Structure formats: C-alpha cells, structure tokens
Amino acid sequence: MPEINVNGETLHYAREGDGPTLVMFHSLGTNSYLWAEQISRWKDRFTCIAFDARGHGRSSNNGGVSMQNVALDVYAALKRLNLFPTYLIGISMGALQCARFHAHSPNDVLGIVYADSFASLGEAGPLRVKDMEEKIGATTMDAYARAYTADTLLPTTGAAHHQALTNAISGMTATDYLETVRSVFLEDVREQLKAIDKPCHIVTGEQDQRTPPAAAESVHALVSGSTLKLIPSAAHLSNIDNPDGFYDAVKPFLDTLID
C-alpha cells in the first residue's frame, strides 16, 4: 500500500485504475478497505483513490483529527500526485469531508456523491458524543467494535464484512477514535453545503438508522440542484450492505458527468 507525507502526516492509500480522478472518503472507524468493492467496479473508468484518514488504518495522527484537517490532507496529497480535477464520493464522515474539500477548493471539484450522512446533528451531537465516550470508557475497543458492527451492518450482510468492520475499529486507539467522534458529531456543514456549485447526488440506505433518510432530505434541501436516491436493503454503510444497489444508485449520476 503506497504512502505519502503531507501536512505533517503519513497517509496510506489505495489507488487503482485509469481515467478521471475519483476520490473516496471512508466512514468513522473504517479505512480505505471500505471502498474495495467500488474500486473494483469503477477502476476501468476512473483513477480510484482512497486514503486512510488520520488515525485510521495505517495513517498517522500527529496534528489532530477534524473533518477540515482530513479534507486538507487529501487536497494536499492530490496536489502532490497531480490528480486534479477530481470527483468526490464520501460516506458518513467522508461526506462531511467532501463538503469541506469543496469549500476549500471548489474549482478542483467536478461532482460530489454524498452518502449516508447529514448536514448538522444540532443538539443531538453533544449527546451522541457523550454516549460514545461512556461506551468506550466502559469497555475495550475490541468489544466496542463487535457491538458497533452488529448494530451497524444488516444481519444479511456477509460475515466477512462484519469481521472486516470489527477489525478496522478495534485496530484504532480509543484516543484517535473518540477524537474523530467529537469532530464528526459536532460538525456543521450547512453553510458549506449551501455553497456547493457542482453536481451533487445524495444517496442513503433505506434502513439507515444512524443518518436516516430524513437527514438525506435535509442535505438535499440545502444543495441547490442536487438529486436524491434511496438504496434498498441497506443501512448506514450502504455500499457494504448492498453494493449492487449502491452501484445502481450512483452510476447513472457519474455517467451524466463524464459521458
């Protein structure tokens, strides 16, 4: 797995394919592995690149995790690799990073897929942070990871996916995980979403209880000209629960941008 040094961090990343750049931002607690299925499907049409965010996977966390910092890390890496302009696709916290990335450099963005995420949690944000702090403080990362996985992926999703998610989360330190939790759940990208001036497609799993369809509707209302699609048989990590449905929901949007 290649690595690159930017902004005082060492970032590991997956890169496959050829064509226009498609950057994939992963969710809280996961890493670039989350996009393996999508990379395999789109590498014939795009240069697919997925970074491990700070404190996730094999990437360092020297300067602290925030959605802004992670977005700027990816921006710096793409600039170094000469991969602009780019399409962005992000799921959960990764979508928040897409909003921050676009706000930093809108002219380098060609289009955005905003998956299973939100604009702001409002008063619920601090409550969710407190709940996570209490849960992790009372157990081990391994035990927490197993419980989180069981509560996040659908029972019908393959055992290998359940184990991969558990492994990714349990491989993080509690400090890095909770630092990311605070950044994610206290984030507010409503103004950044209002300012998006590129094509934006919002997708979410129909059974997503962490960021339910109502959250996707709120994002849709903020982004002028955006489109929205619900993915059947999928919860919060819709690209894992139903990769075929995710592909079917996203491919037509990407096709309209590059054909």
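In this chain, numbering begins with 1 at the start of the sequence shown. Please read all numbers here as calculations on a predicted model, not as lab measurements.
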**OP:** Mind checking side chain to side chain donor-acceptor pair (under 3.5 Å) for D73 and listing every partner two or more places apart, or none if nothing turns up?
**Re:** N7, R54
Original post:
S238 and D116: side-chain donor and acceptor closer than 3.5 Å?
Top reply: yes
Original post:
Are I91 and L121 linked, directly or through other ILVMFWY residues, by side chains that come within less than 4.5 angstrom of each other?
Top reply: yes
Original post:
If Ile, Leu, Val, Met, Phe, Trp and Tyr residues are connected whenever their side-chain heavy atoms lie under 4.5 Å apart, and connections chain through other members, are V6 and L88 in the same group?
Top reply: yes
Original post:
Would you call the rings of Y87 and F46 parallel, tilted or perpendicular, where under 30° means parallel and over 60° means perpendicular?
Top reply: perpendicular
**OP:** Let me see the working for D244 and R41 under side chain to side chain contact (heavy atoms under 4.5 Å, CB included), right down to the final yes or no.
**Re:** CA-CA 10 Å; D244 289 337; R41 291 179 185 238; 2.4 Å; yes
Original post:
Does any N or O in the side chain of S66 come within less than 3.5 Å of the main-chain N or O of S183, such that one atom is a donor and the other an acceptor?
Top reply: no
Original post:
Are side-chain N/O atoms of H201 and T227 paired as donor and acceptor at under 3.5 Å?
Top reply: yes
Subject >> Heavy-atom pair of closest approach, residues I49 and T21 >> reply: CG2-CG2, 4.1 Å
Original post:
Got a donor-acceptor contact below 3.5 angstrom from the S27 side chain to the T30 backbone?
Top reply: no
Subject >> R210 and D151: CA distance, side-chain angles, deciding distance, salt bridge (charged side-chain N to carboxylate O under 4.0 Å, His left out) verdict >> reply: CA-CA 10 Å; R210 298 189 184 281; D151 193 46; 3.2 Å; yes
Subject >> Modelled atom types, side-chain donor and acceptor of E179 and N61, under 3.5 Å >> reply: yes
Original post:
For the side chain of S59 and the backbone of H12, is there at least one donor-acceptor N/O pair under 3.5 Å apart?
Top reply: yes
Original post:
Which pair of non-hydrogen atoms, one from A235 and one from L154, has the smallest distance, and what is that distance?
Top reply: CB-CD2, 3.8 Å
Subject >> Side chains of T173 and M141 in contact at under 4.5 Å (non-hydrogen atoms) >> reply: no
**OP:** To the nearest 0.5 Å, tell me how far M1 CE sits from R15 CZ.
**Re:** 13.5 Å
Subject >> ILVMFWY cluster, L11 and Y33 together (side-chain gap under 4.5 Å) >> reply: yes
**OP:** Kindly check if the number of other-residue, nucleotide or ligand heavy atoms within 6.0 Å of CG (N62) is above 12?
**Re:** yes
**OP:** Report yes or no: does T47 contribute a side-chain atom to a donor-acceptor pair with the main-chain N or O of G19 at less than 3.5 Å?
**Re:** yes
**OP:** Please confirm whether the backbone N or O of N5 pairs with a side-chain atom of R80, one donor and one acceptor, at under 3.5 Å?
**Re:** yes
Original post:
Same hydrophobic cluster for M93 and L178, using side-chain heavy-atom links shorter than 4.5 Å among ILVMFWY?
Top reply: yes
Subject >> Donor-acceptor contact present, side-chain H26 to main-chain A53, <3.5 Å >> reply: yes
Original post:
Which heavy-atom pair separates I202 from S226 by the least distance, and what is that distance?
Top reply: CD1-OG, 3.6 Å
**OP:** Can you label the angle between the Y75 ring and the F84 ring as parallel, tilted or perpendicular, going by 30° and 60°?
**Re:** tilted
Original post:
Where do A115 and F246 come nearest, in terms of heavy atoms and distance?
Top reply: CB-CE1, 4.1 Å
**OP:** Report the C-alpha separation of Y13 and V23 in whole Å, then their side-chain angles, then the decisive distance to 0.1 Å, and conclude whether the side chain to side chain contact (heavy atoms under 4.5 Å, CB included) test is met.
**Re:** CA-CA 11 Å; Y13 62 96; V23 178; over 6 Å; no
Subject >> Separation between CZ of F253 and CD1 of I258, rounded to the nearest 0.5 Å >> reply: 11.0 Å
**OP:** I would like to know whether K198 and D108 meet salt bridge (charged side-chain N to carboxylate O under 4.0 Å, His left out); could you show each step before the answer?
**Re:** CA-CA 10 Å; K198 300 299 189 299; D108 289 315; over 6 Å; no
Subject >> Backbone N/O of A214 and side chain of S218: donor-acceptor pair under 3.5 Å >> reply: yes
Original post:
Sub-3.5 Å donor-acceptor pair from the side chain of N31 to the main-chain atoms of A168, do we have one?
Top reply: no
Subject >> Smallest separation among heavy atoms of T211 and T204, with atom names >> reply: O-OG1, 3.5 Å
Original post:
Are any of the side-chain heavy atoms of N239 and W35 separated by less than 4.5 Å?
Top reply: yes
Original post:
salt bridge (Lys or Arg N to Asp or Glu O under 4.0 Å) with D197: which residues, sequence neighbours excluded?
Top reply: none
Original post:
Between F101 and F25, how do the two ring planes meet: parallel, tilted or perpendicular, split at 30° and 60°?
Top reply: perpendicular
Subject >> Y114 and V223, any side-chain heavy atoms less than 4.5 Å apart >> reply: no
Subject >> Smallest separation among heavy atoms of D208 and H236, with atom names >> reply: OD2-ND1, 3.0 Å
**OP:** State whether the side chain of E206 and the backbone N or O of A234 hold a donor-acceptor pair below 3.5 Å, judged by distance alone.
**Re:** no
Subject >> Aromatic ring pairing Y177/Y148, orientation class (parallel under 30°, perpendicular over 60°, tilted between) >> reply: perpendicular
**OP:** Dump the intermediate steps for salt bridge (charged side-chain N to carboxylate O under 4.0 Å, His left out) on K194 and E191, then the final yes or no.
**Re:** CA-CA 5 Å; K194 290 177 185 177; E191 293 305 313; 3.2 Å; yes
**OP:** Kindly say whether E37 contributes a backbone atom to a donor-acceptor pair with the side chain of S40 at under 3.5 angstrom?
**Re:** yes
